[in-house]
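Okay, so here's the structure we're looking at.
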Amino acid sequence: MEAVRAADHDRYLSALYAPDDKRQSLFALYAFNAEIASIRDRIREPLPGEVRLQWWRDVLDGRTSADGHPLAEDLLEAIRTHALPVATFQNYLDARIFDLYDDPMPSRNDLEGYCGEVASALILLASMVLDASAAPRFAEAAGHAGCAQAITGLLRLLPIHRARGQCYVPGDILAAAGVSPHEFLTSDGEAGAARAVSAMAALARQHLSAFESQAVTLPETLRPAFLPLALAGAYLDRIEKNPAAILAQTIGLPTWRRHWLMVRKASVGWR
């Protein structure tokens, strides 16, 4: 819980709306996600990062013991308790290899695939923890929700990614905006970079709208898995108001507003 609160406050807040007997498993999922997402911040070269990802693969497959690693032990317990598919975790780890390198994102389809394997999968796994019988009916909603959440998150992290030389904006979106990957990552071509940001925000909006159209029937039991989406629209509002500003400064929302937006959705859903 403390690891998630420090690394991923939005998901931390969302987990507090889950029943008491589900929270430990949700925190294990979210702490695992935070651990893997932070590998790039803790390494200088990709190879040690790949070694770390392989360690997690081996733990999940039972080839390496999780003894003495509290997070791994809790994650395996969550997998056993809720019959979570190990293959989904393995696909997640495969997708995270992209984070370790500076290769540009080739296309919109590649970006949506990445978001699906990372963020959408996490939402679906959380849904299975909360209500295994209802979760499969909302797999498509989880797909759109994950894309909306992940793309919005990538936009919020743009200053960090640009400083690293990392470009998650797909090549076809950059080309349509009239900016090269190099120009997007440097101080050159701000107008084109802002157009690319606007296009990314529009893509996130598209997925958010698709999710919201399906979420009107989302059962109350599954709401905590999707609650971070309650914040996506507010983040996108700020990005769309000044796309160029997000290139240099990470945006956030006051804690009180994050709480208020989640309380509303937790209470009435996406009606």
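Just so you know, these numbers come straight off a predicted model, no measurement behind them.
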Without swapping roles, check the side chain of Asp172 against the backbone of Arg108 for a donor-acceptor pair under 3.5 Å. yes
Would a hydrophobic clustering, with Ile, Leu, Val, Met, Phe, Trp and Tyr connected at side-chain separations under 4.5 Å, put Trp260 with Trp270? no
Is there a donor-acceptor pair under 3.5 Å between the side chain of Ser213 and the backbone N or O of Ala210? yes
Quick one: does Ser120's side chain have a donor or acceptor within less than 3.5 Å of a partner on Ala142's backbone? yes
Hey, is Glu35 close enough to Arg42 for a salt bridge, meaning N to O under 4.0 Å? yes
Do Arg52's NZ or CZ and the ring of Trp55 fall within the cation-pi criteria of under 6.0 Å and 45°? yes
Show the numbers, then the answer: is there a side-chain hydrogen bond (donor to acceptor under 3.5 Å, both in side chains) between Asp110 and Ser107? CA-CA 5 Å; Asp110 292 299; Ser107 69; 2.7 Å; yes
How close do Leu229 and Ala148 get, counting heavy atoms only, and between which atoms? CD1-CB, 3.9 Å
Check Leu185 against Gly165 and note the closest heavy-atom contact, atom names and distance. CD1-O, 3.6 Å
Tell me the closest heavy-atom pair linking Phe138 and Leu222, and the distance in Å. CD1-CD1, 3.7 Å
Under 3.5 Å, is there a donor-acceptor pair between the side chain of Arg5 and the main chain of Tyr12? no
At their closest point, which heavy atom of Ile43 faces which heavy atom of Pro48, and how far apart are they? CG2-CB, 4.4 Å
Please determine whether residues Ile36 and Ile160 belong to a single hydrophobic cluster, defined as Ile, Leu, Val, Met, Phe, Trp and Tyr linked transitively by side-chain heavy-atom distances below 4.5 Å. no
Heavy atoms of other groups near Glu220 CD, more than 12 under 6.0 Å: no
Any chance you could lay out the ring-ring contact (aromatic ring centres under 6.0 Å, His included) test for Trp56 and Phe32, step after step, and finish with the verdict? CA-CA 10 Å; Trp56 278 102; Phe32 166 74; 5.1 Å; yes
Between the side chain of Ser25 and the main-chain N/O of Ala78, is any donor-acceptor distance below 3.5 Å? no
side-chain contact (heavy atoms from CB on, under 4.5 Å), paired with Gln149, selected from Leu122, Val118, Ile123: Ile123
Where at least one partner belongs to residues 132-146, residue pairs that pass side chain to side chain donor-acceptor pair (under 3.5 Å), sequence neighbours excluded: Asp131-Ser133, Glu140-Gln214, His144-His207
side-chain hydrogen bond (donor to acceptor under 3.5 Å, both in side chains) between Gln90 and Asp61, intermediate numbers included: CA-CA 9 Å; Gln90 299 288 16; Asp61 283 341; 2.9 Å; yes
With sequence neighbours left out, the residues meeting salt bridge (Lys or Arg N to Asp or Glu O under 4.0 Å) with Asp20 are Arg23
Could you walk me through whether Tyr30 and Asp10 satisfy the side-chain hydrogen bond (donor to acceptor under 3.5 Å, both in side chains) test, starting with their C-alpha distance in whole Å, then the side-chain angles of each, then the deciding distance to 0.1 Å, before giving a yes or no? CA-CA 10 Å; Tyr30 297 156; Asp10 291 348; over 6 Å; no
So, Arg96 and Glu117, do they make that salt bridge, N to O below 4.0 Å? no
With sequence neighbours left out, what residues match Glu73 under salt bridge (Lys or Arg N to Asp or Glu O under 4.0 Å)? none
Could you tell me whether the side chain of Asp103 reaches within less than 4.5 Å of the side chain of Gln166, counting heavy atoms only? no
All heavy atoms of Lys22 vs all of Val129, minimum pair found to be NZ-O, 3.1 Å
What pair of heavy atoms forms the shortest contact from Ala31 to Val4, and how long is it? N-CG2, 3.4 Å
side-chain hydrogen bond (donor to acceptor under 3.5 Å, both in side chains) for Glu112 and Tyr114? Distances and angles first, verdict last. CA-CA 5 Å; Glu112 290 172 326; Tyr114 168 88; over 6 Å; no
Is the CZ atom of Arg44 crowded by more than 12 outside heavy atoms at less than 6.0 Å? no
Once the angle between the rings of Tyr168 and His161 is folded into 0 to 90°, is it parallel (under 30°), tilted (30 to 60°) or perpendicular (over 60°)? tilted
Looking at Arg271 and Val268, would you say the former's side chain and the latter's main chain have a donor-acceptor pair under 3.5 Å? yes
Rounded to the nearest 0.5 Å, the CG atom of Asp237 sits from the CD atom of Glu240 at a distance of 6.0 Å
Keeping Arg156 on the side-chain end and Gly252 on the backbone end, is there a donor-acceptor pair under 3.5 Å? no
Looking at Arg162 and Phe184, would you say the former's side chain and the latter's main chain have a donor-acceptor pair under 3.5 Å? yes
Are the side chains of Met200 and Leu111 in touch, meaning some heavy atoms are under 4.5 Å apart? yes
Identify whether NZ of Lys or CZ of Arg in Arg223 sits under 6.0 Å from the centre of the six-membered ring of Tyr17 and within 45° of that ring's axis. no
Could you tell me whether the side chain of Glu183 and the main chain of Ser180 form a donor-acceptor pair under 3.5 Å? yes
